[in-house]
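Before any comments, here is the structure.
Atoms within each ligand, like the ligands themselves, are counted from 1 in listed order. As the structure is a prediction and not an experimental result, all values here were calculated from the model.
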Amino acid sequence: MYSSSSSPDKDENDLKVSESTYKLPIIDLKSFKSGEDREKVAKEINDACKRHGFFYIAGHGIEEELIDRLDSVSRQFFALDEQEKLKIRMELGGSAWRGYFPLGGELTSNRPDWKEGLYFGTELQDTHPLVVSKTPVHGRNLFPDESMVPTMSQIVLEYIEKVTQLGHVVMEAIALSLGVPSDYFYSLYTQDPLILFRIFNYRSQVIPDGMDVRWGVGEHTDYGLLTILYQDDIGGLQVKVGGEGWIKAPPIKNTFVCNIGDMLDRMTGGLYKSTPHRVALNTSGRHRLSFPLFFDPNFFTQVQPIDGISIGQDDSHQRWDKSNVHEFQGTYGDYLINKVSQVFPQLKQNINNTQQQRSE
Ligand SMILES: O=C(O)CCC(=O)C(=O)O
Ligand SMILES: [Fe+2]
């Protein structure tokens with residue numbers, strides 16, 4: 001999830017990406033989940049978040065078989081004719097912000113990203129009060145016809161459910177890593193978290209002449225608390241770590257990549273930074289699939305700094321979006337919609353239309 005980036009012209013795909021032995025840490029959650037060694041894991045998370053804002057998690061308990069099934073139905077979907085895929089295009093999802101967007105349908109840095117994708121979130125029925133009241137980014141998912149991609153809906157919903165549970169566990173570890181009670185985030189922000197889930201396909205193909213495309217996804221930070229990303233074996237994710245420049249975050253079997261978002265940066269007064277990242281153009285000859293799940297504060301909560309943590313310094317001059325996350329006033333929903341409208345002007349339009357209909 002991202003908004004427009006500064007992406008200066010000198011930022012070519014392979015420029016200054018360190019090939020060195022620098023590695024992001026892998027944190028094994030097994031002993032945290034079993035309760036055996038929570039302090040050790042909390043300490044590792046503390047180090048990782050202070051240094052990079054990115055880490056891998058192993059021992060997460062999500063079955064490989066579920067991920068394989070998700071990968072397989074996603075490939076089936078992206079292999080369909082464009083016409084078929086467009087039957088669930090995002091415009092049909094309205095302000096719920098769900099559905100398919102084609103290649104070039106999302107802008108970063110006012111340039112199209114070289115990816116197509118599917119947008120999902122927590123499944124809410126049309127009768128749910130938040131759907132009845134047309135709350136943005138809440139609603140029913142759009143799935144391909146069962147005859148086209150059998151079982152995709154069940155697999156996606158099962159994956160969202162399980163990775164959301166994992167998100168609660170990682171947030172407990174993050175709470176302990178900050179010296180607050182393990183249920184700190186749950187009790188204040190994530191009892192009913194905002195969950196958005198994407199499936200991206202970064203096609204490996206030559207960019208047509210005249211199209212100004214530089215990245216799979218341009219430089220950005222994520223907006224919420226925690227992103228849990230599964231990526232296939234192709235690679236391309238790059239992370240900007242302080243002092244080191246851009247480094248690669250390659251796929252590691254049986255792990256997820258986690259990174260913290262702007263709201264955790266805000267709550268920790270910048271102690272845990274939301275770290276910029278981007279995805280290089282895919283030239284591997286095979287499609288690259290990635291599956292980020294955004295585990296975010298409840299839409300209606302106002303995200304405040306943790307008691308006792310000093311208010312973060314204004315770092316907007318260094319940030320890709322030139323904004324100051326410490327200064328923001330409003331709910332998480334306000335923050336999100338404002339950001340998202342920059343990449344999907346159409347969503348803002350849908351929300352405005354909905355609000356207008358409501359007031360008529
Ligand atoms: O596809 C990836 O590896 C990363 C995607 C990403 O950064 C995002 O969706 O926010
Ligand atoms: Fe991201």
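Within the listing of ligand 1, atoms 9 (O) sit less than 4.0 angstrom from a heavy atom of P292. Listed by atom number, the atoms of ligand 1 under 4.0 Å from F200 heavy atoms are 9 (O). Heavy-atom contacts of V279 reach the following atoms of ligand 1: 1 (O), 2 (C), 3 (O), 4 (C) (cutoff under 4.0 Å). Atoms of ligand 1 found under 4.0 Å from any heavy atom of H277, numbered from 1 in the order shown, are 7 (O).
At the Fe ion (ligand 2), the vertex angle linking NE2 of H220 with NE2 of H277 is 90° (nearest 10 degrees).
The proximity of R288 to ligand 1, defined as any non-hydrogen pair under 4.0 Å, is limited to the side chain. Contacts of H220 with ligand 1, taken as heavy-atom pairs under 4.0 Å, involve the side chain alone. No part of R198 comes within 4.0 Å of ligand 1, judged by heavy-atom distances. Neither the backbone nor the side chain of T227 has any atom closer than 4.0 Å to an atom of ligand 1 (non-hydrogen atoms only). Heavy atoms of D222 found under 4.0 angstrom from ligand 1 belong exclusively to the side chain.
Looking only at atom types and distance, the side chain of H220 has a donor-acceptor partner in the side chain of H277 under 3.5 Å away. Neither side chain, T127 nor Q125, offers a donor N or O lying under 3.5 Å from an acceptor on the other. Between N259 and D222, the side chains place a donor N or O and an acceptor N or O closer than 3.5 Å (distance only, hydrogens not considered).
Under the 4.0 Å criterion applied to side-chain N and carboxylate O atoms, D262 and R266 are not assigned as salt-bridge partners. Using a 4.0 Å cut-off between a side-chain N of Lys or Arg and a carboxylate O of Asp or Glu, D232 and R286 do not qualify as a salt bridge. Ion pairing of E123 with R140 is absent here, as no side-chain N (NZ or NE/NH1/NH2) approaches a carboxylate O to less than 4.0 Å.
Within the 4.0 Å heavy-atom shell around ligand 1 one does not find V217.
For the ring-ring contact (aromatic ring centres under 6.0 Å, His included) test with Y230, the passing option among Y56, F197, F291, Y159 is F291; the others fail.
Between Y202 and F200, the two ring planes are perpendicular [angle over 60°; tilted spans 30° to 60°].
For atom 2 (C) of ligand 1, the nearest non-hydrogen atom from the set F294, Y202, F291 comes from Y202.
Ring centers of F295 and H168: under 6.0 Å apart, within the cut-off.
Taking the N/O/S atoms of D222 in turn, the shortest distance to the Fe ion (ligand 2) belongs to OD1.
On a distance-only criterion, Q231 and ligand 1 share no N/O pair closer than 3.5 Å.
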